Amino acid sequence: MCNHIVGTEEHVQSLRMINTVRDNLSRNEIQTTITSGSFGEGLDMRGSDVDLVKVISFIEVCENINIPFNQNRAYFTMETCEAQPGSTQLRLVHSKNLKIFELCNEIEGQYYFSNLKIKQLFLHKFSSIIHGPCVSDNDGFMDYAYTLHNRSWIKQAEEWKTRSKNAWPEYDVKQSIIKHGVLFVPKGVQGSKKEELEWRISFSVGEKFLIYSFTHTQLLCYALMKILLKDVIDTDLECKELLSSYFMKTILFWISEEFPLSIWRPENLISNFMRCVKRLIYCVENSVCPQYFIPENNLFKNKIKGHAQETLLQKLNILYSYGWRSILFSDQMSNFNELSFQKEVHLMYGESLKLLMSPSSCLRDRSIPIGSDNLSWRKGIHMVLSNNSSKIRDFYSFYTSTILFNSDNFLTIDDIPDNKSSYKQYKTSISTVLLNARHDAVSGWLKLASLFYRTKQYKLALDILQYSLLKCSPEKLYFGIRLSPIQNELLSLQFVKRLTVSRLKKMLLFSYLRFTKNCTLLPDELQINGDLSYYQIPPEVYAHFISFLCHYNMKNTDQCLDSLQDLQLTIEEEHFIASDSERAMSYNILGVVFKILGDIESARYAFIRSIELESDPDLNTAFRNLLSIGGM
């Protein structure tokens with residue numbers, strides 16, 4: 001479990017620290033981001049999606065409306081008289097923002113927040129799916145839950161404050177949970193007459209505190225229950241989706257509260273796992289699973305009944321008859337020979353490399369909102385300079401560089417400056433771009449080359465590109481590409497294992513370049529038009545493209561053709577190209593090069609190849625480029 005699936009206690013703590021750092025830098029005046037789900041709990045397990053809770057900061061919920069209102073905020077109060085336990089309607093009591101009224105349904109002169117309208121508000125081209133209480137991205141990787149916050153503890157959960165007299169949860173943990181309050185998730189009770197106006201009361205932050213208080217044995221037991229669900233129970237089509245990981249978590253909470261902490265010793269892992277399975281069978285048999293904070297909220301109500309209940313109960317009893325060996329029906333537990341890339345990392349390499357390749361670490365581009373760039377990177381630099389923990393400083397250094405990697409899209413760039421003011425702006429731009437060179441081996445340098453190209457300093461750009469291309473060597477890591485023998489050998493070296501996460505990323509990691517619409521660093525030859533919001537370009541492809549542009553503008557014919565050949569070879573051999581989307585962009589760039597050279601037939605072929613790889617024309621400017629040279 002520790003080597004292959006969950007990780008050591010140190011690894012779990014580091015993942016949680018990464019999430020905390022990223023969430024802290026994601027906070028702005030509009031929203032607070034909280035990494036939730038398995039990743040937020042510190043579990044980097046197979047098949048887990050990424051849940052990001054977005055707490056809307058300018059809207060508050062309160063039970064007691066006799067409080068002073070901030071005139072710049074909207075306030076809703078809870079109405080639970082017509083709702084089931086664990087749910088509430090939210091009635092508007094104060095707002096000067098007309099858009100808030102548009103998100104409500106009017107009933108007899110009162111305005112109630114619509115859970116459907118708030119989700120529809122956040123739908124867009126790349127996240128167009130409503131999945132329960134969440135808005136999901138189109139590739140199914142991330143779920144975004146847009147929530148509201150009540151800073152006070154609510155009456156429905158009052159009994160929890162004094163219920164447990166045992167050692168778990170500890171007093172300090174309880175106080176932290178109570179101090180945070182609760183969230184409200186846009187999801188009503190299915191089948192309810194007012195389903196659209198109901199909001200689920202969520203204790204996701206409190207539950208995160210509870211998971212963080214688990215011993216490692218408790219966490220391993222929780223992971224076993226999740227594996228049993230996903231890999232064994234859900235493989236039966238009649239049982240699939242009857243249970244969820246949240247039910248497993250709830251059972252762990254109840255057993256942790258009811259039994260002394262002394263049972264959670266490593267040697268008791270199997271017996272505790274079987275205790276949880278037995279409790280699950282009891283819950284299914286009796287169609288009752290009390291929510292941990294509000295026991296009156298039966299999670300199985302109207303869900304586990306009839307034929308579904310009988311089928312699920314039969315399945316669970318059969319599994320229980322196998323004892324602890326039931327977990328071996330999971331291929332994760334029974335076969336360690338066919339290791340995925342992630343498992344190879346856990347098995348062979350140092351702690352920093354495990355964190356380097358963690359999907360939690362890969363959240364950097366999607367979870368930090370661009371709107372908070374200026375505030376966030378200043379906060380990050382402050383934490384790098386002031387924090388006493390070298391590991392925390394290391395994580396802040398990485399994410400601060402990542403923020404700057406996005407924020408340099410909005411630099412003001414003119415030609416070579418000719419006065420003091422523009423020279424100062426130019427030097428600031430260079431400093432900003434240089435600061436973002438710390439989150440991987442080459443992408444920051446390539447953006448610096450873009451800056452020099454845009455300011456027509458072609459020789460400087462070529463010097464940077466030469467240095468960058470020297471880094472495009474076989475030992476580099478790129479997300480989506482499996483380890484090669486050369487990489488295996490390098491990563492097994494002791495000195496590599498001892499490197500920090502930030503140092504490893506700067507030395508070994510390659511990532512694509514991401515340019516947003518109207519980005520001032522993006523060459524005019526690639527400016528984004530239409531509905532496309534960003535470009536995602538493989539690093540070596542981009543290096544050869546900028547090299548070509550520099551030589552073309554310097555009228556270096558031979559070097560121009562050399563850069564073209566290098567670009568073609570890079571695309572054909574797929575150097576650091578991991579997906580069809582990246583292949584499509586690479587052929588689009590190749591088509592642009594041929595178009596510049598006047599080779600229309602070759603340009604047409606490249607654009608058509610790009611369109612074939614990227615089926616949505618709106619996501620690929622090759623479609624418009626093809627039309628510009630005479631269509632198909």
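Keep in mind it's a predicted model, so treat the numbers as computed, not measured.
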I'd like to know if the side chain of [X] and the backbone of [Y] have a donor-acceptor N/O pair within less than 3.5 Å.
X	Y	answer
Lys305	Ser287	no
Asn24	Thr20	no
Thr80	Ala83	no
Arg151	Val61	no
Gln309	Glu285	yes
Thr77	Cys62	yes
Glu198	Ser87	no
Ser256	Leu252	yes
Asn317	Leu313	yes
Asn150	Gly181	no

* Identified side chain to side chain contact (heavy atoms under 4.5 Å, CB included) counterpart of Met225 within the set Val277, Leu220, Leu243 -> Val277
[X] vs [Y] side-chain heavy atoms within contact, under 4.5 Å:
X	Y	value
Thr147	Ile56	no
Ile211	Phe253	yes
Asn115	Lys187	no
Leu52	Met142	yes
Leu183	Ser204	yes
Ser245	Leu229	yes
Trp264	Asn272	yes
Thr311	Gln314	no

Between the side chains of [X] and [Y], is a donor N or O closer than 3.5 angstrom to an acceptor N or O?
X	Y	result
Asp137	Ser127	no
Lys96	Asn72	no
Asp231	Ser330	yes
Gln31	Ser57	no
Gln13	Tyr212	no
Gln536	Ser581	no
Lys240	Thr235	no
Tyr292	Glu257	yes
Arg16	Asn19	no
Asp23	Thr33	no

* To do: Go through the steps for Val93 and Phe69 under the test side chain to side chain contact (heavy atoms under 4.5 Å, CB included), then give the verdict.
  => CA-CA 10 Å; Val93 292; Phe69 291 155; 4.0 Å; yes
Any idea which heavy atoms bring [X] and [Y] closest together, and the distance?
X	Y	result
Ser326	Phe273	OG-CE2, 4.2 Å
Asn105	Glu196	ND2-OE2, 3.5 Å
Gly37	Asp51	CA-OD2, 3.4 Å
Asn70	His94	O-NE2, 3.9 Å

* To do: Apply side chain to side chain contact (heavy atoms under 4.5 Å, CB included) to Leu148 and Leu90, showing your working.
  => CA-CA 10 Å; Leu148 309 179; Leu90 299 178; 3.6 Å; yes
* Could you tell me if the ring centre of Phe113 sits under 6.0 Å from that of Phe184? => no
Rounded to the nearest 0.5 Å, what's the gap from [atom1] on [X] to [atom2] on [Y]? Could you check?
X	Y	atom1	atom2	value
Arg22	Phe39	CZ	CZ	9.5 Å
Ile100	Ser95	CD1	OG	5.0 Å
Gln71	Asn97	CD	CG	13.0 Å
Cys289	Ile304	SG	CD1	9.0 Å
Ile227	Met333	CD1	CE	5.5 Å
Cys283	Leu312	SG	CG	11.0 Å

* Apply the test ring pair (Phe, Tyr, Trp, His ring centres under 6.0 Å) to residues Phe76 and Trp199: give CA-CA distance (whole Å), side-chain angles for both, the deciding distance (0.1 Å), then the verdict. => CA-CA 12 Å; Phe76 288 83; Trp199 291 65; 7.9 Å; no
So with a 6.0 Å cut-off around [atom1] of [X], is the heavy-atom count from everything else above 12?
X	atom1	answer
Lys301	NZ	no
Glu106	CD	yes
Phe101	CZ	yes
Gln120	CD	yes
Lys278	NZ	no

* To do: Could you go through the side chain to side chain contact (heavy atoms under 4.5 Å, CB included) check for Gln84 and Asn297 one step at a time?
  => CA-CA 7 Å; Gln84 294 185 15; Asn297 178 16; 5.8 Å; no
* **From CA spacing to verdict: side chain to side chain contact (heavy atoms under 4.5 Å, CB included), Asn268, Thr217** => CA-CA 8 Å; Asn268 293 336; Thr217 303; 5.9 Å; no
Can [X] and [Y] be counted as an ion pair, charged N to O under 4.0 angstrom?
X	Y	value
Lys208	Glu41	no
Arg163	Glu159	yes
Glu82	Lys194	yes

* Asked: Checking ring-ring contact (aromatic ring centres under 6.0 Å, His included) against Trp168, which of Phe259, Phe214, Trp254 comes through?
  -> Phe214
* To do: Kindly confirm or rule out a cation-pi arrangement of Lys174 over Trp160, judged by NZ or CZ under 6.0 Å from the six-membered ring centre and within 45° of its axis?
  => yes
* Report the relative orientation of the aromatic rings in Tyr146 and Phe122; use parallel for angles under 30°, tilted for 30 to 60°, perpendicular for over 60°. => parallel
